[in-house]
Amino acid sequence: FTNRTNEAVRYTWTVTSAPSGSRAIVENPKGTVTVSTPFEYHYLADKVVSFTPDVPGNYEIEVTAETVWEDRVTREMNARSTWKTTIVADGEPSPVGCSSASGNGASLLGLLLIGLAGFALRRRD
């Protein structure tokens with residue numbers, strides 16, 4: 001469903017697994033994206049989703065996305081997809097975060113796009 005220009009998508013990001021003692025959360029975990037430039041969605045500046053691991057270890061992050069309106073091509077309503085990824089953080093525990101093997105965690109929009117693109121491809125089957 002996200003291989004459409006400006007198709008509104010409601011999203012929810014959740015930390016489903018974290019190392020013992022972690023209090024890391026996803027900032028701005030819920031919202032809606034409606035604007036895209038050739039099929040690349042953009043968060044509003046004050047709604048950017050971000051995640052900063054606070055202790056070393058593996059963090060499992062899940063995103064659920066759902067269309068808001070009827071798809072202009074398939075006419076499907078409330079199409080829904082869930083996608084998970086693991087972020088591996090190393091370094092010393094810190095109140096400002098650790099480093100991450102998969103980036104600094106701020107590229108959750110990229111994960112959303114990858115996960116939703118996969119869902120769009122499955123829907124065509």
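By convention here, the first residue in the shown sequence is residue 1.
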Which atom of Tyr11 lies closest to which atom of Thr32, heavy atoms considered: CE2-N, 3.5 Å
Could you check whether any side-chain heavy atom of Val9 comes within less than 4.5 Å of a side-chain heavy atom of Glu66, counting everything from C-beta outward? no
Report yes or no: do Leu44 and Val63 belong to one cluster of Ile/Leu/Val/Met/Phe/Trp/Tyr joined by side chain heavy-atom distances under 4.5 Å? no
Quick check for you: to the nearest 0.5 Å, what is the distance between Trp83 atom CH2 and Thr64 atom OG1? 12.5 Å
Considering only heavy atoms from C-beta outward, does the side chain of Val15 approach that of Val26 to under 4.5 Å? yes
Output for pair (Tyr59 OH, Thr85 OG1), nearest 0.5 Å, gives 14.5 Å
Distance (rounded to the nearest 0.5 Å) between Trp13 CH2 and Phe51 CZ: 11.0 Å
Roughly how far apart are Glu62 CD and Ser17 OG, rounded to 0.5 Å? 11.5 Å
Please give me the minimum heavy-atom distance between Val55 and Ser22, naming the atom from each residue. CG2-CB, 3.7 Å
Residues Glu7 and Glu70: closest non-hydrogen pair is OE2-O, 3.8 Å
Say whether, by atom type as modelled, one donor and one acceptor occur between the side chain of Thr67 and the main chain of Ala79 under 3.5 angstrom. yes
Distance in Å, Arg10 CZ paired with Asn78 CG, rounded so as to fall on 0.5 Å steps: 7.0 Å
Under the 3.5 angstrom rule, does the side chain of Asp54 hit a backbone N or O of Ala24 as a donor-acceptor pair? yes
One should read off an interatomic distance between Lys47 NZ and Glu27 CD, to the nearest 0.5 angstrom, of 12.5 Å
Do you know the tightest heavy-atom contact between Pro19 and Gly57? CG-CA, 3.6 Å
Would you say Asn28's side chain and Val48's backbone share a donor-acceptor pair under 3.5 angstrom? yes
Would the distance check show the side chain of Thr14 and the main-chain N or O of Thr16 forming a donor-acceptor pair, the cut-off being under 3.5 Å? no
